[in-house]
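Protein chains get the first letters and strands the later ones, always in sequence-line order, with residue 1 at the start of each.
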2 protein chains.
Amino acid sequence: MKFEPVTIKDIAAKLNLSTSTVSRALRGSWEISNKTKKLVLEYAEKINYRPNPIALSLKERRSHSIGIVVPEIANHFFSQAINGIESIAYNRGYHVSISQSHESTEREMVNIQHMASRSIDGLLVSISAETENLKHLQDLHEKGLPIVFFDRIAPEINTYKVVADNYKGAYDATVHLINEGYKNIAHITSSPHLFITQKRLEGYKKALEDHQIPYDPKLVEYCNYGGMVVDEVELAIKNLFKNKKKPDAIIGGGDRITSVIFLLLKNQKKGGLKIGYIGFSNSDLTDMFSPSLSVVRQPAFEMGVAATELLIKLIESKRPITEFETIVLDTQLIEKESSKKRIE
Amino acid sequence: MKFEPVTIKDIAAKLNLSTSTVSRALRGSWEISNKTKKLVLEYAEKINYRPNPIALSLKERRSHSIGIVVPEIANHFFSQAINGIESIAYNRGYHVSISQSHESTEREMVNIQHMASRSIDGLLVSISAETENLKHLQDLHEKGLPIVFFDRIAPEINTYKVVADNYKGAYDATVHLINEGYKNIAHITSSPHLFITQKRLEGYKKALEDHQIPYDPKLVEYCNYGGMVVDEVELAIKNLFKNKKKPDAIIGGGDRITSVIFLLLKNQKKGGLKIGYIGFSNSDLTDMFSPSLSVVRQPAFEMGVAATELLIKLIESKRPITEFETIVLDTQLIEKESSKKRIE
DNA sequence: TTTTATTACGCAAACGTTCCCAATTTACTT
DNA sequence: AAGTAAATTGGGAACGTTTGCGTAATAAAA
């Protein structure tokens with residue numbers, strides 16, 4: 001089946017004008033008489049003419065579309081970030097194209113290649129938990145493709161970045177648990193090579209230090225697939241409880257990890273386990289958990305907004321930009337039941 | 001900043017060949033000598049040549065991309081469906097372009113127009129709860145743009161459709177509640193004009209009828225924004241409890257409505273309210289609710305797969321298709337705590 | 001040797017636009 | 001009336017590809 005849109009040629013033929021005249025009339029050029037302009041505009045309106053964006057892209061050598069690469073959209077943090085991205089992009093005349101890596105480096109590379117070859121004007125990326133080697137991105141970046149990272153940033157690539165203040169988020173969460181009276185606070189987090197993981201760990205350590213609690217590496221467990229596979233989280237928990245000093249509280253990193261830990265803890269709790277818990281999550285369902293879940297919330301929407309503004313700035317800049325900033329947005333600690341040490 | 005990809009011309013110039021020869025060599029045409037082919041292929045590989053899809057689209061008058069229009073991606077049903085769509089699309093060489101209506105007719109129209117004018121080859125649509133007038137879609141459909149509906153289908157447009165068996169889903173849920181001993185089963189659902197809403201209502205009624213329970217329209221409440229605004233759900237619940245015969249169980253329609261009802265019920269429960277509850281939901285977090293939530297789960301991924309296969313069939317078909325089927329996939333009732341009448 | 005196939009390649013048009021550079025018309029001076 | 005300036009419009013190239021057709025060069029047949 002085909003779908004034959006009307007072109008500038010159709011208008012030109014019908015009106016006995018040249019395509020150049022029609023083209024100019026359509027964009028309201030001053031060098032076309034009002035009479036002709038009106039004629040063209042009215043006819044175009046009548047037959048519902050729409051410029052062919054493909055032809056335009058070919059001519060202008062830009063597609064007015066930006067690509068988004070995220071681990072997965074079925075994650076409230078990312079879907080909120082995408083909403084932020086869209087809110088800016090559409091207003092600025094850009095179309096967005098979303099793709100998911102599902103935390104796999106390979107899919108991430110394929111998607112990025114695919115997008116790059118589909119002539120996007122720029123890329124908004126949050127790298128997968130599995131990704132360590134960033135050569136594919138580095139290459140594109142060096143060739144001049146505008147890229148902005150958000151959340152899961154790549155420190156070694158010199159461009160704009162937007163992150164939540166994971167250091168402070170983890171710090172606050174840890175302090176909160178300490179203040180509640182927890183002593184052995186564990187941390188189950190994402191891949192150790194992710195920058196956000198490192199920042200969270202630093203915040204966690206600093207909070208312990210500030211409260212004269214020695215840092216015990218055995219209380220930190222990493223999930224290399226960001227919680228996409230339940231087994232890795234299960235193993236992490238199992239490892240924690242193998243320690244002689246069992247944790248009495250856990251801080252979870254990332255939406256996925258956070259909810260999986262919660263589920264596993266909930267199941268274990270039947271055995272009388274009582275653990276303080278707080279997680280990094282942007283889910284809007286955490287209030288419905290039982291106990292309701294204390295969370296560190298990231299400003300996902302705002303991060304999307306900021307990243308998109310930077311990307312468009314990069315795309316539309318006449319001269320190459322070499323000074324790049326990293327925008328850090330505040331996290332929010334939301335205290336609910338799961339992190340409270342209740343009197344029993 | 002600009003990003004200058006290498007073109008066929010660059011190869012031709014470098015190798016002292018014409019663009020036609022290079023083009024033919026690249027696609028392995030038989031009328032090019034093996035020597036030349038090898039030369040071209042190797043050089044193309046070396047400089048990492050990628051055909052410009054925009055130029056190709058312009059030439060072939062198709063973009064190899066399909067548009068998705070859903071209410072929102074921050075909804076597990078839709079994100080799972082999108083995963084299903086992607087799984088097929090990418091394998092068949094199609095790129096997908098996702099857009100969200102946020103349950104608003106206006107945004108839906110804008111998105112659809114935008115996509116149509118961006119030369120997509122076909123459209124996968126799940127209409128917003130607010131949408132009643134389908135003229136925009138009807139127009140495009142009549143102009144020959146291939147469209148397949150899934151989940152929120154438009155019965156009046158004659159094309160392929162893919163739905164879950166909402167009738168059976170609602171029937172099963174209702175019967176389950178009846179069997180648990182609930183007497184006054186209410187139903188809070190989406191806009192009355194949505195086809196799925198009607199089907200669910202039918203299933204609900206039939207189940208009541210089969211168990212000699214009279215149908216009471218006062219036990220059915222509609223949310224015109226599909227639960228996007230909390231107030232409408234709150235009002236729905238309030239209305240239900242105004243009845244002289246107060247409901248002792250509720251069936252919620254849609255992911256969003258389901259979780260909002262749950263939250264509101266949970267808050268009310270402090271006052272001693274005890275209500276059987278089951279909802280249509282594809283969230284993977286319902287197990288963590290308290291009580292864990294009984295749900296009717298829809299085969300979201302499979303629906304995405306089926307819809308995409310049909311759309312591609314439509315796009316690639318040589319002759320116009322006039323016989324359209326509607327695929328109905330089974331739902332699954334998952335019984336957890338929230339729908340059980342426990343002995344107290 | 002000349003004719004006829006066959007092989008391997010180049011030319012140029014086309015897809016829908018924009019835009020530089022004329023060419024034509026109209027209006028204004030002198 | 002003729003000349004010039006200003007206002008409109010058209011021609012055609014370009015963006016990166018594909019592809020029908022034409023044409024050299026080579027090989028086979030006469």
Leu17(A) has an atom CG; how far is it from atom C1' of dT18(C), in whole Å? 16 Å
Side chains of Leu134(A) and His141(A): closer than 4.5 Å at any heavy-atom pair? no
Describe, in one word, how the ring planes of Tyr160(A) and Phe324(A) are oriented to each other, choosing from parallel (under 30°), tilted (30 to 60°) and perpendicular (over 60°). perpendicular
Check every atom of dT8(D), dG10(C), dA8(C) against the side chain of Ser33(A) and return the nucleotide holding the closest atom. dT8(D)
Could you verify whether a donor N or O on one side chain and an acceptor N or O on the other, from Gln100(B) and Asn83(A), lie under 3.5 Å apart? yes
Categorize Ser57(B) for me: base, sugar-phosphate, or nothing, with a 4.0 angstrom heavy-atom threshold over every strand shown. nothing
Helical bend (five base pairs per end, nearest 10°) for the helix from dT1(C)-dA30(D) to dT30(C)-dA1(D): 80°
Send over the distance from Lys35(B) NZ to dT7(C) C1', rounded to a whole Å. 12 Å
Might you confirm whether atom CD of Glu156(B) has over 12 heavy atoms from other residues, nucleotides or ligands at distances under 6.0 Å? yes
Separation of dT9(D) atom C1' from Lys38(A) atom NZ, nearest Å, is 20 Å
Ser79(B) versus Ala74(A), closest heavy-atom pair with distance: OG-CB, 3.2 Å
What is the distance, rounded to the nearest whole Å, between atom CG of Leu39(A) and atom C1' of dT9(D)? 14 Å
Glu325(B): partners by salt bridge (Lys or Arg N to Asp or Glu O under 4.0 Å), with sequence neighbours left out: none
Asp151(B): partners by salt bridge (Lys or Arg N to Asp or Glu O under 4.0 Å), with sequence neighbours left out: none
Trp30(A) CH2 to dA7(D) C1': how many Å, rounded? 12 Å
Pairing residues for Arg92(B) by the salt bridge (Lys or Arg N to Asp or Glu O under 4.0 Å) criterion, not counting sequence neighbours: Glu316(B)
Euclidean distance, atom CG of residue Leu15(B) to atom P of dA8(C) [Å, nearest integer]: 17 Å
Hits for salt bridge (Lys or Arg N to Asp or Glu O under 4.0 Å) against Arg62(B), two or more places apart or cross-chain, chain-then-number order -> Asp121(B)
Each nucleotide of nucleotides 16-25 of chain D classed B (base within 4.0 Å of a protein heavy atom), S (only sugar-phosphate) or -, in 5' to 3' order, makes BBBBB-----
Send over the distance from Ile32(A) CD1 to dG10(D) P, rounded to a whole Å. 8 Å
In whole Å, I'd like the distance from the CG atom of Asn16(A) to the P atom of dT9(D). 13 Å
